Amino acid sequence: MSETVQKAPAPRAGVPDANRWKALAFIALAQLMVVLDATIVNIAMPSAQVDLGISDGNRQWIVTAYALAFGGLLLFGGRIADLWGRKRAFVVGLGGFAAASALGGAAANEAMMFGARALQGAFGALLAPAALSLLAVMFTDAKERAKAFGIYGAIAGGGGAVGLILGGFLTEYLDWRWTFFVNIPFAILAAAGAYFVIREPEGGRNRSALDIPGVVLSTLGLVSLVYGFTRAESEGWSDSVTVGMFVASAVLLAAFVVVESKVKAPLLPLRVITERNRGGIYLSLGLAIIAMFGLFLFLTYYLQIVKGYSPVKTGFAFLPMIAGMITGSTQIGTRLMTRVAPRLLMGPGFLVAALGMLLLTRLEIGSSYAAVLLPAMLLLGLGMGTAFMPAMSLATQGVEPRDAGVASAMVNTSQQVGGAIGTALLNTIAASATTSYIKDHMTGAASKPQQQLVQLEGMVHGYTSAIWFAVGILVAAATIALTLVNAGKPDMGGAVAGSGAKDAEDAVPVMVH
């Protein structure tokens, strides 16, 4: 029976695959696993640090090792998916991610933990672009594509908050090691399903020789950029190594662009990013993620330290945001994507999210969850869900099948780099505002309770100061989406409007922690 499924002929380009909806279930499961992992480990980190004897100075490497490998290798992973075939890259990525998760769960010391996290990042960089590009080549009808990307977008946006709930449960009631082991059943189920169900359309591979200089320059450039922002958070923006990383990143990425414009088979064909709509999407998505990642961090600290919530209760407090994202993505984005131009969903979506963020600038120590946090989270979720869904779909619109992997990798790269920038930039702004507030107000606090109150007030003041910047960043994302993205609504016949392809076989139709 399995042999029949395995040897079924690959669908021709432009012909819908009969198993595409089953395939979506397994692709979505894999995406959920990767997104969950980004936040689930943050909840487990304090317990893992104590168990493994990791110093305060080194604990950031639990997150940094993953971020560097994932962010640095994404373009390479996308190109490997185009070369090997997305199905093979997807299954190998899942297997490797599961093995690395098992290693992390069994870690006996900090070196083993950091190594496992770097391996997770490397296999995640193979898995994430393969998953998105599989959707890009399997769903060719505009209406179906809207539904498929609605589901994918909801998971990409809401999975991080689900990770906070699951991480809280596993850490509180089992052991931090289960935050790693939980990935294994996800990966096995998704890999087995993908192996038997997914069939790629013919003629979608890019068999050109691998662009080794491009791989080296892009990987080193992106690693330097992500590490620069990560280090800025802990060591400060004027730290010599931080500045050195930013300079190195600028030089390496500039050299990468020069190389890509000259080589015969580039790692990242410049046609992928210079197309107006895709360029606008990568930029606006990256900005939106900067605001989003900073917010997750601040609200987690606010709820646990200022309001005294447990990890599990904190996770549940994020549920309205998940509900908003799912509603925005599957009900608003999916229903309207085939009727209006993408910019008319993305621009207003980011503005609604900015309105939710604006409500959070009113945060105080005694703020009511129901009066301030609940409506803010609902607006944020609705806005982000509505904007993300058409953005992810349009990011692969009109891309030739042989470029689908790297185009998808660029979506993930903009999100990964945006996440690194958001955490570092907004955390630095918050810390600076908090220090300034405490310095100005501590002199009038005579007793210990008064001093503790000033410290909490300073913390909240820091969060709200940074959230004002996040509001501005979301408004900028909306402006970019409304001005740069000029694609019309997708062609209902399933072909891609404005792709410039000779026929349906030359183009991929229309579209995220």
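Every heavy atom of this structure was used, including side-chain atoms; hydrogens, water molecules and symmetry mates were not. Because the structure is a prediction, the values reported are computed rather than measured.
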Pair F97-L126, side chain to side chain contact (heavy atoms under 4.5 Å, CB included): steps then yes or no:
CA-CA 10 Å; F97 200 92; L126 182 63; over 6 Å; no
Donor-acceptor contact below 3.5 Å, side chain [X] vs main chain [Y]:
| X | Y | answer |
| --- | --- | --- |
| D211 | P266 | no |
| Q120 | Y66 | no |
| R117 | I62 | yes |

Identify the two heavy atoms, one from [X] and one from [Y], that lie closest to each other, and give their separation to 0.1 Å.
| X | Y | value |
| --- | --- | --- |
| S218 | L75 | CB-CD1, 4.1 Å |
| A477 | A288 | CB-N, 4.3 Å |
| A125 | A69 | CB-O, 4.3 Å |
| M377 | F318 | SD-CA, 3.9 Å |

- Item | Full working for side chain to side chain contact (heavy atoms under 4.5 Å, CB included) between Q49 and E110 | CA-CA 8 Å; Q49 183 187 350; E110 63 177 34; over 6 Å; no
Any chance you could measure [X], atom [atom1], to [Y], atom [atom2], to the nearest 0.5 Å?
| X | Y | atom1 | atom2 | result |
| --- | --- | --- | --- | --- |
| I27 | R20 | CD1 | CZ | 12.5 Å |
| F350 | F388 | CZ | CZ | 6.0 Å |
| L127 | M33 | CG | CE | 5.5 Å |

Sequence neighbours excluded, the answer for side-chain contact (heavy atoms from CB on, under 4.5 Å) partners of L170 is I40, L166, L174, W178, T179, V182
- Given the rule in the side chain to side chain contact (heavy atoms under 4.5 Å, CB included) test, do R88 and Y195 qualify, once you have shown the distances and angles that lead to the verdict? CA-CA 8 Å; R88 184 184 297 177; Y195 182 77; over 6 Å; no
Over-ring placement of K313 relative to Y309, 6.0 Å and 45° cut-offs: yes
For residues 277-297, the side chain to side chain donor-acceptor pair (under 3.5 Å) pairs (sequence neighbours left out) are E275-N277, N277-N486
